[in-house]
2 protein chains.
Amino acid sequence: MENIVQLAKNTSDASTMTGGQSARKVSCTSCCMRNLCIAAGTEDSFLPEIDKLVVHWHPMARGRHIFREGDEFKQPFVVRSGAVKTYQTLENGEEQITGFMLPGDVFGLEGLAALQHANGAIALETSSVCAIPLQNLFKINVEARVAERQVLMLLSESMLRKDSHAMMLAMNKAHERISAFLLDISDRLHRRGLAAHDFSLPMSRSDIGRFLGMSQETVSRAFAKLIRDKLIESNGRNIKLVNPGTLGKLSGYKLDSSFLKSA
Amino acid sequence: MENIVQLAKNTSDASTMTGGQSARKVSCTSCCMRNLCIAAGTEDSFLPEIDKLVVHWHPMARGRHIFREGDEFKQPFVVRSGAVKTYQTLENGEEQITGFMLPGDVFGLEGLAALQHANGAIALETSSVCAIPLQNLFKINVEARVAERQVLMLLSESMLRKDSHAMMLAMNKAHERISAFLLDISDRLHRRGLAAHDFSLPMSRSDIGRFLGMSQETVSRAFAKLIRDKLIESNGRNIKLVNPGTLGKLSGYKLDSSFLKSA
DNA sequence: CGTGGTATTGACAAGTCTCAAGACGAGTGG
DNA sequence: CCACTCGTCTTGAGACTTGTCAATACCACG
């Protein structure tokens with residue numbers, strides 16, 4: 001139980017956060033992510049209350065850290081716009097990417113148990129994130145408990161995502177992993193109402209490689225193969241899924257999306 | 001919000017569960033896992049209350065399902081004794097193992113978001129598990145909120161474990177993955193006060209292969225190599241870590257254990 | 001028009017998968 | 001007690017895939 005007590009103490013000053021970003025008020029009411037974020041499920045009339053719980057940060061430039069490995073855990077975050085990668089540094093200095101966060105995705109909650117971030121998080125492009133000081137959720141009554149449960153929901157979804165990641169990693173052929181990866185991105189964009197078959201990847205080939213456990217050259221060759229087989233079209237980071245069906249059969253895996261239809 | 005409402009409804013009859021197991025009362029007070037489970041952090045005097053929240057199942061035989069993929073989510077579980085594997089079936093019928101659960105580990109929470117289990121769970125050996133009906137945690141006051149937060153903690157730990165799994169999967173050499181795998185098992189046993197350098201694996205080589213994304217033959221060869229290099233001794237599933245230090249350097253990855261010292 | 005980061009492509013070495021054959025061990029029934 | 005069986009584990013050999021090193025192409029930016 002000390003963990004929780006400590007948590008409340010540590011997060012008592014949400015305005016002085018990692019990196020010293022200052023907070024800026026942007027209304028949840030007008031946020032296009034309001035149905036996917038912590039506010040999901042609450043009535044619109046209550047959104048202003050949620051607004052008080054969430055701290056909207058200034059947009060951050062590509063490459064900026066939101067938090068680093070080992071940083072004290074203060075709160076989780078949600079991506080409002082842009083994209084974020086989370087990673088862990090291996091003892092040999094290599095960077096293993098543990099996740100890519102798109103708008104609506106929550107990250108950083110893995111630090112809750114130890115009150116310390118196991119991952120670092122970096123903006124892949126100019127991004128806006130919202131901080132969710134948990135002590136606010138835990139302190140306030142009634143409706144806040146709704147939000148508290150929403151945290152559970154988000155954690156649960158995160159776990160699905162991580163399972164999905166493991167499934168990709170376990171595939172033995174590079175073009176299968178890439179297929180699954182692209183379909184996963186596509187699903188997530190689709191669920192957020194964005195173009196699902198024609199999009200731009202926010203991360204480098206090297207990032208993808210470190211995410212999928214292979215070299216960037218192999219990533220490149222896998223893309224080349226998918227293009228050759230007319231399953232996708234690609235111009236650098238611009239991707240067009242020409243034949244998602246075959247792509248799905250190729251990856252052979254049912255990604256977690258099937259379990260999140262209603263989300 | 002509907003999710004939560006529905007959740008409470010669905011879990012209202014904890015005694016009629018998947019597979020029709022009947023519940024049996026075993027006191028949390030005397031459970032050796034009481035400091036690692038849902039009850040962690042609560043004062044001993046309160047354990048009887050926790051007891052009311054948790055449903056202890058009859059021991060289940062090796063191979064029995066605790067729940068299946070697609071099953072309605074009713075509650076998460078904790079392993080009290082034995083071992084459990086979670087898996088997802090791929091579209092080609094193969095079984096990708098997503099986790100091995102040792103005593104004290106929580107599983108099944110990934111089903112919370114969609115109210116449906118994305119994984120199936122099978123006992124690897126004769127095992128006892130406890131069910132944690134969430135509506136109990138969510139309904140009761142005061143101390144139950146402590147337990148509710150403990151669920152968050154456990155989820156957070158689960159996420160660390162999944163990250164750790166991804167790290168293993170991303171390693172490119174078989175003997176590195178196996179090293180990391182053995183160290184992970186070792187750490188988890190250690191944290192539960194069990195022998196950490198001399199233990200018996202509850203799962204088959206084939207299970208390990210499906211967990212680490214490689215064929216069972218390669219698993220076998222990797223074990224052979226570790227034995228040849230005198231890093232471990234092994235007689236089938238009995239494992240002895242002879243040189244954990246070098247094993248750690250070999251895997252090259254800091255596993256999540258470093259973030260859970262206090263757990 | 002450079003420049004630095006990123007992406008592609010080639011060639012060879014190294015590691016894994018697959019198919020296949022045995023070895024081992026626990027349990028069964030004669 | 002032994003032979004048998006089934007599942008598991010090990011080991012071998014060849015085909016295939018990927019990692020690595022290296023060269024080159026591309027692109028956005030100043």
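Naming: A, B, ... by sequence-line order, numbering from 1 per chain.
Between Phe77(B) and Phe67(B), the distance separating the two ring centers is shorter than 6.0 angstrom.
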Requested in this report: Take nucleotides 25-30 of chain D nucleotide by nucleotide from the 5' end and write B, S or -, depending on whether a protein heavy atom sits under 4.0 Å from the base, only from the sugar-phosphate, or from neither.
Outcome: ------
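With rounding to whole Å, Lys173(B) atom NZ is found 8 Å from dT16(C) atom P. Between Met171(A) atom CE and dC17(C) atom C1' the separation is 17 Å, expressed in whole Å. For the pair Asn172(A) CG and dT17(D) P, the interatomic distance rounds to 10 Å; values are reported in whole Å. Rounded to an integer number of Å, the gap from CG of Leu201(B) to P of dT8(D) is 15 Å. A straight line from CZ of Arg237(B) to C1' of dT10(D) spans 14 Å, rounded to a whole angstrom.
Of the N and O atoms on the side chains of Thr89(B) and Glu94(B), not one donor lies less than 3.5 Å from an acceptor on the other residue. Side-chain polar atoms of Thr98(B) and Asn119(B) form a donor-acceptor pair below 3.5 angstrom. Side-chain contact check for Arg68(B) and His117(B): no donor-acceptor pair (N or O, by modelled atom type) lies under 3.5 Å.
If you find the closest nucleotide of DNA chain D to His175(A) and to Met203(B), the one lying nearer the 5' end belongs to Met203(B).
Nearest nucleotide to the side chain of Arg205(A), out of dT8(D), dT18(D), dT8(C): dT8(C). Here dC9(D) is the nucleotide among dT18(C), dC9(D), dA7(C) with the atom lying nearest to any side-chain atom of Ser204(B).
A salt bridge links Lys85(B) with Glu95(B): at least one charged nitrogen is closer than 4.0 Å to a carboxylate oxygen. With respect to the salt-bridge test (charged N to carboxylate O, under 4.0 angstrom), the residues Arg192(A) and Asp105(A) qualify.
A cation-pi arrangement is not found for Arg210(B) relative to Tyr87(B), the charged atom failing to lie both closer than 6.0 Å to the ring centre and inside a 45° cone about the ring normal.
Of the inter-residue distances, the one linking Leu247(B) atom CG with Glu176(B) atom CD reads 11.0 Å to the nearest 0.5 angstrom.
Listed in residue order, the members of residues 208-229 of chain A having a heavy atom less than 4.0 Å from DNA chain C are Glu217(A), Ser220(A), Arg221(A), Ala224(A).
Relative ring orientation between His165(A) and Phe211(A) is described as parallel, the plane-to-plane angle staying below 30° on a 0-90° scale split at 30° and 60°.
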